[in-house]
Number of protein chains: 2
Amino acid sequence: MARTGSAESKGERTRRRIVGHATLLMYEKGYARTTIDDVIAAAGVTKGSFYFHFSSKEELGCAVIEAASEHILSRLREALDRPDLSPRGRIEAMLKEIQGIVEEADCSRGCILGNLALETSSSHPDFRERIAKAFREWSELIASELQEMKAAGELPADFDCAAYADFAVSALEGGIMISKVTRDPSPMRNSVDLILRQFEDYKKPDRDNPKTISRRKGR
Amino acid sequence: MARTGSAESKGERTRRRIVGHATLLMYEKGYARTTIDDVIAAAGVTKGSFYFHFSSKEELGCAVIEAASEHILSRLREALDRPDLSPRGRIEAMLKEIQGIVEEADCSRGCILGNLALETSSSHPDFRERIAKAFREWSELIASELQEMKAAGELPADFDCAAYADFAVSALEGGIMISKVTRDPSPMRNSVDLILRQFEDYKKPDRDNPKTISRRKGR
DNA sequence: CATAATAGACTAACCGGTCGGTATATTATC
DNA sequence: GATAATATACCGACCGGTTAGTCTATTATG
């Protein structure tokens with residue numbers, strides 16, 4: 001038992017190092033083409049050490065997905081946790097954060113959750129479910145922020161926040177996918193822009209036209 | 001008794017059969033997890049025969065992507081080639097066609113182009129480029145239809161058709177992805193619905209008030 | 001010293017691709 | 001029009017490299 005105290009034990013550090021390098025490799029090459037030998041070489045550990053910390057490649061995959069989900073969602077939550085901004089400003093901050101995450105990799109690696117989802121979801125139900133949960137949480141984050149926009153009168157009263165949040169997640173993931181395939185950041189940026197534009201020019205219904213979200217020019 | 005006239009030769013039929021079964025397998029399991037042995041067993045041919053028709057697995061992958069691109073795009077073009085419908089009706093028909101293609105597979109297999117794109121684009125530049133071309137063509141199809149809507153007064157004069165077409169493709173591919181991951185058709189349907197809704201309530205400016213509802217253009 | 005952690009040789013299965021060979025059609029030659 | 005020559009199509013055993021995972025031995029660490 002080397003576990004007492006608050007400091008991270010050596011084993012925990014090793015495990016984290018393995019997950020970190022595995023994440024980079026799987027982000028770059030996908031799950032199947034990332035071999036255990038790749039991972040241990042990158043992390044500087046041996047086979048025996050690896051299999052002391054992980055029982056299988058699948059368990060490593062789970063750890064990678066878990067860590068990536070937490071990393072991404074915490075960055076998004078951080079972007080939304082800005083009391084100094086209006087609800088709309090916070091959504092914008094969140095979208096920019098996504099854009100930043102993707103552009104850190106030149107848009108050429110896409111989104112690790114989307115990548116692993118499409119590659120492995122038919123063979124690894126546990127991967128699939130964990131990733132589905134991350135997308136659901138992301139959508140809920142957006143939806144609750146849209147609710148706040150609505151409460152602040154920045155959206156029409158009949159605006160369907162949940163549906164639009166799902167739509168935004170789809171448009172973003174799709175944009176990231178097309179950016180990866182075309183090696184061009186503009187599809188993803190275009191998704192960000194057009195999502196933002198939906199919110200741009202709704203005017204608090206002064207009394208006459210509460211029904212439609214208008215789309216007049218703004219900016 | 002071959003070769004004469006327009007009939008397909010025996011070799012061509014075999015090749016097509018191989019591609020067809022390979023497409024189903026790669027749609028289901030992805031590229032890496034589809035083995036040549038899988039393909040030849042499904043198509044009922046032997047290794048030797050396979051390697052007579054294809055020089056490598058990669059060449060098979062190209063053939064699958066090519067065939068899938070043509071198949072999908074031709075179905076979309078067909079849906080758009082309906083002179084009896086209004087431009088908006090044609091877009092709706094195309095979206096329903098996409099929905100149909102995906103729901104034929106219970107939404108659980110996603111889109112074969114998107115799947116292969118995310119799995120292989122970092123290792124197979126030729127796959128990536130061919131798929132990028134298909135997405136580009138799809139977007140152009142939508143954009144030109146939006147142009148017709150605009151000409152028919154169903155969209156504001158400053159509507160940015162190209163940007164919106166890209167956005168629609170992103171939202172659809174993203175919706176298909178989320179539907180695959182969640183095994184639930186609603187995210188994809190939601191994308192279809194919200195795309196259609198964008199067009200729903202623009203009213204032709206009745207000569208006196210030409211700027212009532214318009215959207216900003218450009219980026 | 002007990003156990004956590006590391007070391008790395010080894011294995012068994014898998015998989016893409018090869019190779020020598022066969023069968024059947026098409027074309028060339030006399 | 002018989003036959004030789006060639007091209008097309010197919011057959012399946014086999015090979016070599018790769019890969020996930022195992023096993024036994026050894027070294028830190030509390």
Side-chain angles (χ1 to χ4, degrees), chain A residues 1-23 25-26 28-65 116 119-120 123-124 126-127, chain B residues 1-23 25-26 28-65 116 119-120 123-124 126-127:
Chain A
M1 285 277 189
R3 191 67 15 96
T4 48
S6 53
E8 198 176 37
S9 75
K10 190 176 181 197
E12 282 162 346
R13 273 205 318 279
T14 303
R15 193 185 150 102
R16 283 170 64 91
R17 194 170 71 249
I18 293 173
V19 170
H21 287 277
T23 301
L25 286 164
M26 290 184 184
E28 181 80 38
K29 322 197 326 172
Y31 181 75
R33 289 178 49 249
T34 296
T35 68
I36 304 291
D37 285 344
D38 286 342
V39 173
I40 64 177
V45 300
T46 59
K47 266 277 174 75
S49 185
F50 175 86
Y51 277 98
F52 173 78
H53 293 285
F54 299 91
S55 66
S56 67
K57 185 181 181 183
E58 189 169 2
E59 192 184 311
L60 173 65
C62 286
V64 165
I65 290 170
L116 291 179
E119 182 189 350
T120 67
S123 56
H124 290 78
D126 45 342
F127 290 10
Chain B
M1 69 153 246
R3 186 54 15 108
T4 49
S6 53
E8 198 177 37
S9 76
K10 191 179 181 195
E12 281 162 347
R13 272 204 319 279
T14 303
R15 195 186 148 99
R16 282 169 63 93
R17 195 170 70 249
I18 292 173
V19 171
H21 286 277
T23 302
L25 285 164
M26 289 182 183
E28 181 79 38
K29 320 197 327 172
Y31 182 75
R33 289 178 50 251
T34 297
T35 69
I36 305 291
D37 286 344
D38 286 342
V39 173
I40 64 178
V45 300
T46 59
K47 265 278 174 75
S49 184
F50 175 86
Y51 277 98
F52 173 78
H53 293 286
F54 299 91
S55 67
S56 66
K57 185 182 181 182
E58 188 169 2
E59 192 185 311
L60 173 65
C62 286
V64 164
I65 289 170
L116 291 180
E119 182 188 349
T120 67
S123 56
H124 290 80
D126 45 340
F127 290 10

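All chains are named by letter (A, B, ...) in the order of the sequence lines, taking the proteins before the strands, and each is independently numbered beginning at 1. Below, all heavy atoms of this structure are taken into account, side chains as well, without hydrogens, waters or symmetry copies.
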Gap between atoms [atom1] and [atom2], on [X] and [N] respectively (whole Å):
X     : N      : atom1 : atom2 : answer
B:R33 : D:dT19 : CZ    : P     : 17 Å
A:L25 : D:dT19 : CG    : P     : 13 Å
A:K57 : D:dT18 : NZ    : P     : 15 Å
B:E12 : D:dT8  : CD    : C1'   : 12 Å
A:D38 : D:dG21 : CG    : P     : 14 Å
B:E58 : C:dG17 : CD    : C1'   : 14 Å
A:F50 : D:dT19 : CZ    : P     : 14 Å
B:M26 : C:dG16 : CE    : C1'   : 12 Å

Closest to the B:Y51 side chain, choosing from C:dT18, C:dT6, D:dA20 |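 The listed nucleotide nearest to B:Y51's side chain is C:dT18.
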Quick one: which of C:dA5, D:dC10, C:dG16 gets closest to the side chain of B:F52?
->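 Comparing C:dA5, D:dC10, C:dG16 against the side chain of B:F52, the answer is D:dC10.
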So what does A:T46 hit on the nucleic acid, given a heavy-atom distance under 4.0 Å: a base, only sugar-phosphate, or nothing?
->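 Result for A:T46 = base.
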Residue-phosphate contact under 4.0 Å: B:S56 side-chain N/O, C:dG16 OP1/OP2 |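 So the side chain of B:S56 is outside the cut-off, no N or O lying under 4.0 Å from OP1 or OP2 of C:dG16.
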Can a side chain N or O of A:H53 be found less than 4.0 Å away from OP1 or OP2 on C:dT6?
->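 Checking A:H53 against C:dT6: at least one side-chain N or O falls below 4.0 Å of OP1 or OP2.
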Of A:T34 and B:V45, the one whose closest DNA chain D nucleotide lies more 5' |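 Final value for this comparison: B:V45.
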B:F54 side chain reached by B:I36 side chain, heavy atoms, under 4.5 Å =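 Contact flag for B:I36/B:F54 side chains = no.
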Is any side-chain heavy atom of A:I65 less than 4.5 Å from a side-chain heavy atom of A:Y31?
->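 Not touching, per the 4.5 Å side-chain cut-off.
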If you pin A:R17 and A:K47 to their nearest nucleotides in DNA chain C, which one's is more 5'?
->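 Checking each residue's closest nucleotide, the 5'-ward one belongs to A:R17.
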Heavy-atom pair of closest approach, residues B:Y51 and B:S56 =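 Scanning both residues, the minimum pair turns out to be CE2-CA, 4.1 Å.
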Looking only at atom types and distance, does a side-chain atom of A:S123 sit under 3.5 Å from a main-chain N or O of A:T120, one as donor and one as acceptor?
->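 Yes: the side chain of A:S123 pairs with the backbone of A:T120.
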Donor-acceptor pair, side chain of B:K57 and main chain of B:T34, under 3.5 angstrom |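 Yes, B:K57 side chain to B:T34 backbone: donor-acceptor pair under 3.5 Å.
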